Engineer: 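Got a structure for you, questions after.
In this text, all values refer to a predicted model and were calculated from it rather than measured experimentally. The figures that follow rest on heavy atoms only: side chains count, while hydrogens, waters and symmetry mates do not. Naming convention: chains lettered A, B, ... in sequence-line order (proteins, then strands); numbering from 1 in each chain.
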There are 2 protein chains.
Amino acid sequence: MPKVGMEPIRRQQLINATMAAIDEVGLAETTVMRIARHAGVSAGIISHYFGGKDGLLEATMRQILTDLSGAVAVRRYALEDDSPRAHIGAIIEGNFDRTQVTGPAAKTWLAFWASSMHKPMLQRLQNVNDRRLYSNLCHQFRRVMPRVEARNAARGLAAMIDGLWLRGALTPEGLDAEEARYLAHTYLDQLFAHHGCTNKASNIYL
Amino acid sequence: MPKVGMEPIRRQQLINATMAAIDEVGLAETTVMRIARHAGVSAGIISHYFGGKDGLLEATMRQILTDLSGAVAVRRYALEDDSPRAHIGAIIEGNFDRTQVTGPAAKTWLAFWASSMHKPMLQRLQNVNDRRLYSNLCHQFRRVMPRVEARNAARGLAAMIDGLWLRGALTPEGLDAEEARYLAHTYLDQLFAHHGCTNKASNIYL
DNA sequence: TTTTATTGATTGAACGTTCAATAAAAAAAT
DNA sequence: ATTTTTTTATTGAACGTTCAATCAATAAAA
């Protein structure tokens, strides 16, 4: 049933099928045939549209990272309040967005994280994303803290977000997004409160 | 040069070689031949001592988990101070022990973490370890907090520890153990302080 | 009729496992 | 002490399987 203009449709189909396959059996046992079956097409089509399996995997990771940035960006642009607290809150919310946290995307992400240790291209993508999260956090914290404290707050919160993600992906029942958000926000409260308590600026940032 | 009593030596050699191989090229490209080459033996020996590649991988994960429990246990038994703070501090220190955090072990662990999502046996091992960390933390926090707060503190700290680990394993330069410890301890301070501030018990736990 | 999209059998490479052969040490016999 | 036998440890070539990639054939739309 070949019609004209199939390319974007097939590409999206195959990316979704890749996540479904990784969710189902893990990256190690994700073969081109399994992906193709999920998408309802033949195996050969993958090389045709993505140049090969690696190309499809890379495109899939790109999509996940793009979706994540989008989820954060949407929330930050929608803010009425321009306070550091509001921005950081939006970053937390974006990172625990439904589409990111739900089954396939979460497991696919963790699989790519592990894989990125030894695949330069994936490592590059993951690094760019990491740095953006860190520098966004750092920039906001710097509005209310000295540099060193802001740096540590950013690193701590980034670690907490990743840790909640990791534990969520590994839990058979999946991530409890509500609880993860609660823990992250509570930590954020503590970072602000702690800074307030040990500093003459006191409570004006609460 | 076959001598008698080679079994424990070879087993350890092969487990170490497995970590070296995973550190070098990642789990996906770790073949029995590569492991054997690292250990200076032939490929066939793996099936002889571990029944196959999977057996060796499982034994390797077991060793990593055992080493980690050991690093924590040693520090807890050595405590002079029996306070919750001291116990939790020891758990943090154990989790960032040199042997755990250094190159091969860290990358191997992350690789197994990801892999455990779809391999029941690895999942079981990882679950047991997870639960022990959580329940140890929870038990100590409960000595100074109500149940719900203790539960959240335990989950938050566990997430922070895992997050620092994860980010350390992914960083090309490896985990900066000193900074990780500092961030975890600072978070612990905040958990205690926060509880103190919002509670009549005030500062007695600082 | 031409163009675009898709198929699926085929190919070659890589992998884990097996097992008969081998070699060295230990034990037994001389 | 020396030789022979037995036991233990190890090898590596061969086998069967699995997989990604290729490409000539095909089918539907333009």
Engineer: Does the pair E179(B)/R155(A) count as a salt bridge with the N-to-O cut at 4.0 Å?
Structural biologist: yes
Engineer: Please determine, for dA28(D), whether a Watson-Crick or G-U wobble partner exists with both distances under 3.5 Å, and give it or none.
Structural biologist: dT3(C)
Engineer: Can you tell whether the side chains of R143(A) and D82(A) come within less than 4.0 Å, N to carboxylate O?
Structural biologist: yes
Engineer: Please work out whether the ring planes of F192(A) and F141(A) are parallel, tilted or perpendicular, with thresholds of 30° and 60°.
Structural biologist: tilted
Engineer: Find the distance M6(B):CE to dT11(D):P and express it as a whole number of Å.
Structural biologist: 12 Å
Engineer: Is it true that a side-chain atom of T171(B) and a backbone atom of G174(B) form a donor plus acceptor pair closer than 3.5 Å?
Structural biologist: no
Engineer: Between R85(A) and D189(A), does any NZ, NE, NH1 or NH2 come within less than 4.0 Å of an OD or OE carboxylate oxygen?
Structural biologist: yes
Engineer: Given atom CZ of F50(B) and atom P of dT10(D), what is their separation to the nearest angstrom?
Structural biologist: 12 Å
Engineer: Look at the side-chain N and O atoms of R34(B) and state whether any lies under 4.0 Å from the OP1 or OP2 oxygen of dC15(C).
Structural biologist: no
Engineer: With both distances under 3.5 angstrom, what nucleotide forms a Watson-Crick or G-U wobble pair with dA26(C)?
Structural biologist: dT5(D)
Engineer: Would you indicate what Y49(A) reaches in the nucleic acid, counting non-hydrogen atoms under 4.0 angstrom: base, sugar-phosphate, or nothing?
Structural biologist: sugar-phosphate
Engineer: Could you check how far CZ of R10(B) sits from C1' of dT11(D), rounded to whole Å?
Structural biologist: 12 Å
Engineer: What does the list of N/O pairs under 3.5 Å between the protein and nucleotides 16-21 of chain C look like, with a distance for each?
Structural biologist:
unit_1, atom_1, unit_2, atom_2, d
dG16(C), OP1, K53(B), NZ, 2.7
dG16(C), OP2, V32(B), N, 3.0
dT17(C), OP2, K53(B), N, 2.8

Engineer: Can you tell me the distance, in whole Å, between the CG atom of L14(A) and the P atom of dA20(D)?
Structural biologist: 14 Å
Engineer: Once you round it to whole Å, what is the distance between C1' of dT7(D) and NE2 of H48(B)?
Structural biologist: 12 Å
Engineer: So H38(A) and E24(A), do their side chains get closer than 4.5 Å, heavy atoms only?
Structural biologist: yes
